[in-house]
Amino acid sequence: MIDLRLLREDTDLVRASQASRREDPSTVDTLLAAADRRRDAVGRADTLRAEQNTTSKRVGKAAPEERPQLMARAKQLAAAVKAATAEESAAEAALREAHLAVPNVIEDGVPAGGEDDYVVLKEVGNRPEFDGFAPKDHVELGQLLGAIDTERGAKVSGARFYYLTGQGALLQLALLNMAVVQAVETGFTPVITPSLVRPEVMGGTGFLGAHAAEVYRLEADDLYLVGTSEVPLAGLHMDEILDLSGGPRRYAGWSSCYRREAGSYGKDTRGIIRVHQFDKVEMFSYCDPADARDEHGRMLAWEEQMLAKVELPYRVIDVAAGDLGSSAARKYDCEAWIPTQGRYRELTSTSNCTTFQARRLNIRFRDAGGRPQTAATLNGTLATTRWLVAILENHQQPDGSVIVPTALRPYLGGREVLEPV
RNA sequence: GGAGGGCUCGCAUAGUGGCCUAGUGCGGCGGUCUUGAAAACCGCUAAGAGGGGUGACUCUCUUCGUGGGUUCGAAUCCCACGCCCUCCGCCA
C-alpha cells in the first residue's frame with residue numbers, strides 16, 4: 001500500500017508512476033476520493049461518539065427525575081452513531097480496496113514501459129569461446145554428469161520437476177552453502193524458513209494480487225506454498241516495531257520455492273530453467289526508508305560478488321516500470337549468459353519495496369525522535385538452482401566435463417572438475 | 001481424530017454492566033542521593049485514526065484475539081469465528 005500522505009501531497013507523482021507502469025492512472029483518483037470520503041466519515045462519527053459518551057456517562061449519575069430525558073437523548077445519539085459507524089466502515093472498506101489497487105510508486109529514474117523496455121546498466125565478464133566444438137546444453141551435460149534427471153522428475157511429479165543427483169546435488173549444496181557463508185560474513189543472519197504461510201502473510205507481501213495464479217494453495221489447510229523465502233522473511237517481523245538504530249536488519253533465507261508457472265506453457269519446457277520447485281538463498285533487509293536506496297545498491301553489489309565467484313559473464317538490467325510487480329519501486333536483475341540459448345537469463349533479482357510491503361504487514365521502526373514509522377523492505381537473490389544451468393554451460397569442456405569455479409571448490413571437497421559418469 | 005485450557009497497554013497479572021480516564025508487579029527511561037555505581041525513593045512508560053498550532057505540544061475518537069449482537073452505557077453479558085497451548089490417540 002502506498003503512503004496516503006504522499007498521495008495527497010504529490011498526486012501527480014503517483015499518476016506519473018502509473019503512466020510509467022502503463023497502468024490506469026484513474027485508480028489514483030479513485031484512491032484519493034476514497035481517502036477523502038473516509039476522512040470525512042471518521043470526523044463525523046468521532047464527533048457523534050464523543051457526544052454519546054458524555055451523555056451516557058451522565059445517565060448513571062443523573063437524578064431519577066432527569067433520567068428519562070437523558071435516556072431519550074442518548075437513544076437518539078446511539079442511533080446516529082450506529083449510522084455514522086456504518087458509513088465509516090463502508091468508507092474504510094472502499095479505501096482499502098482502492099488502496100490495494102495502486103502499486104508502489106516507482107523510484108525516479110526507473111525506465112518507463114514494459115518487459116522489453118529495460119535498460120542495460122553494464123555487462124561484466126567475457127562470454128566463453130568454444131574452440132572446435134559445439135557447446136552442449138545443461139540438460140545434456142546434466143545427463144552426462146549424472147547430475148540432472150528431468151525424465152524421472154516428470155515420471156514422478158510431472159513436467160517441470162527434476163531430480164538433482166550425485167554431482168548435481170553436491171553442486172547445488174556447494175553453491176547455496178557458498179551463498180550462506182558470504183551472507184554470514186557480510187552480517188546477515190542465516191534463516192531456514194517455513195515453506196507454508198498463512199493467507200495474510202502471502203497477501204501482505206503482495207503475491208495475491210495480479211500474480212495470484214502463480215501461487216500454490218493448499219485448500220484443505222488454507223495455507224500457501226511460498227514462491228521465495230522473501231515471504232516468510234517479510235512475515236517474520238509483521239506487527240512489530242523494530243529497533244533499526246544500529247542499521248538495517250538483514251536475513252539470509254534458505255528455502256525451497258514453489259511456483260505454478262501458470263500461463264508459461266511452452267516456455268522453457270526443456271531443462272531446469274523454469275521449474276515448479278527450486279532452492280534459493282535470498283537476502284532480505286529491513287531498514288529506514290531514508291537508507292533504502294543505498295541498501296538496494298549494496299544488495300546488487302553482493303549479488304555481483306556471488307556471480308564473480310562462479311565466474312559467469314553477466315549483465316545488469318534496470319527493470320522497466322511495467323515489469324516491476326506491485327511491491328517494487330525499483331528492481332535490478334543480473335542476467336547470466338547462457339551459451340546454448342545465445343542470450344542472457346535472469347539469475348538474480350533485487351527489489352526495493354520501500355514502505356509498500358511493510359505498510360501492509362504493519363512493520364515499523366522507531367525514528368530518531370522515538371516515533372513509530374513504517375520501515376522499508378528489500379530483497380535480493382544470492383543463489384538459486386537455475387545458476388547450475390549457467391555454471392554447467394559456461395564452464396563445460398569438449399568431453400562434457402565441467403570446470404568448477406575456483407571459489408566453489410572448497411565447498412565441493414576440493415573438486416576441480418566434474419567428470420561424466 | 002478426540003478432550004480441555006487460554007487470548008487484557010514490552011513481559012507477568014488484576015479486573016463478572018457506570019468508581020476502567022484499564023489497576024498492580026517486572027522490565028525500560030528520566031530524576032534525587034553518591035567520588036562513581038548499587039540500593040532506596042520520586043516521576044514517566046502502548047498503538048492507530050482525525051483535528052488544531054511554525055514548533056516543543058495539544059484536543060477528540062478507537063483498540064482488552066476478530067466480527068456480530070444485547071444495552072443509554074460492555075474488558076465484563078450473548079452468538080459466531082480465529083489463533084495459541086496442554087493432554088489422549090494415530091503417524092513420522
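Computed from a prediction, not measured in an experiment: that's the story for all the values here.
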Under the criterion side-chain hydrogen bond (donor to acceptor under 3.5 Å, both in side chains), I'd like the reasoning laid out for Asp279(A) against Gln172(A): C-alpha separation, chi angles, the key distance, then a yes or no. CA-CA 9 Å; Asp279(A) 290 86; Gln172(A) 167 160 304; 3.2 Å; yes
Pairing nucleotide - rU60(B), Watson-Crick or G-U, each distance under 3.5 Å: rA49(B)
If you measure only the distance, is there a donor-acceptor pair under 3.5 Å linking the side chains of Glu304(A) and Tyr314(A)? yes
Lys/Arg N to Asp/Glu carboxylate O, Arg160(A) vs Glu261(A), below 4.0 Å: no
What is the ring orientation for His276(A) with Phe161(A), classed by angle as parallel under 30°, tilted 30 to 60°, or perpendicular over 60°? tilted
What integer distance in Å separates Lys82(A):NZ from rC72(B):P? 11 Å
Side-chain H-bond candidate by donor/acceptor type, Ser401(A) with Asp399(A), under 3.5 Å: yes
State the pairing partner of rG1(B); accept Watson-Crick or G-U wobble contacts with both distances under 3.5 Å, and report none otherwise. rC88(B)
Return the value, rounded to whole Å, for the distance between atom NZ of Lys75(A) and atom P of rG73(B). 9 Å
Using the C1' atom on both, measure rU24(B) against rA14(B) and round to a whole Å. 7 Å
Taking only Lys NZ, Arg NE, NH1 and NH2, and the carboxylate oxygens of Asp or Glu, determine whether Arg38(A) and Glu88(A) approach each other closer than 4.0 Å. no
When you check the side-chain N and O atoms of Tyr411(A) and Arg409(A), is any donor under 3.5 Å from an acceptor? no
I want to check one thing: is the phosphate of rC72(B), taken as OP1 and OP2, less than 4.0 Å away from some side-chain N or O of Gln52(A)? no
Taking pairing as Watson-Crick or G-U wobble with both contacts under 3.5 Å, can you name the mate of rC41(B), or confirm there isn't one? rG31(B)
Checking His237(A) against Tyr286(A) for the ring pair (Phe, Tyr, Trp, His ring centres under 6.0 Å) test, could you report, in this order, the C-alpha distance in whole Å, the side-chain angles of both residues, the deciding distance, and whether it holds? CA-CA 9 Å; His237(A) 289 304; Tyr286(A) 296 90; 5.1 Å; yes
Might you list the N or O atoms of the protein lying below 3.5 Å from N or O atoms in nucleotides 17-22 of chain B, with each pair's distance?
unit_1: rG18(B); atom_1: N2; unit_2: Ser56(A); atom_2: O; d: 2.5

In whole Å, measure the gap between the C1' atoms of rG69(B) and rG31(B) for me. 50 Å
When you compare rU45(B) with rU58(B), how far apart are their P atoms, in angstrom units rounded to a whole number? 11 Å
Nucleotide by nucleotide, 5' to 3', does protein get under 4.0 Å of the base (B), only the sugar-phosphate (S), or neither (-) in nucleotides 47-65 of chain B, counting heavy atoms? SSSSS--------SSS---
Touch check for Arg198(A), heavy atoms < 4.0 angstrom, all strands: base, sugar-phosphate only, or nothing? sugar-phosphate
Euclidean distance for C1', rC79(B) against rC87(B) (whole angstrom): 28 Å
Would you measure the distance from the P atom in rG27(B) across to the matching atom in rG48(B) and give it in whole Å? 26 Å
When you compare the side chains of Gln357(A) and Glu230(A), does any donor N or O come within less than 3.5 Å of an acceptor on the partner? yes
Assigned partner base of rU76(B), Watson-Crick or wobble definition, under 3.5 Å: none
Inter-nucleotide P distance (rA74(B), rG17(B)), Å rounded: 14 Å
Examine the side chains of Ser349(A) and Asp333(A) and answer whether a donor and an acceptor come within less than 3.5 Å of each other. yes
Partner nucleotide of rU13(B) by Watson-Crick or wobble geometry (both distances under 3.5 Å): rG23(B)
Determine the interatomic distance between P on rG10(B) and the same-named atom on rU66(B); round to the nearest Å. 14 Å
When rounded to the nearest Å, what value does the distance between P atoms of rG28(B) and rG18(B) take? 36 Å
Watson-Crick or G-U wobble partner of rC81(B), both distances under 3.5 Å: rG65(B)
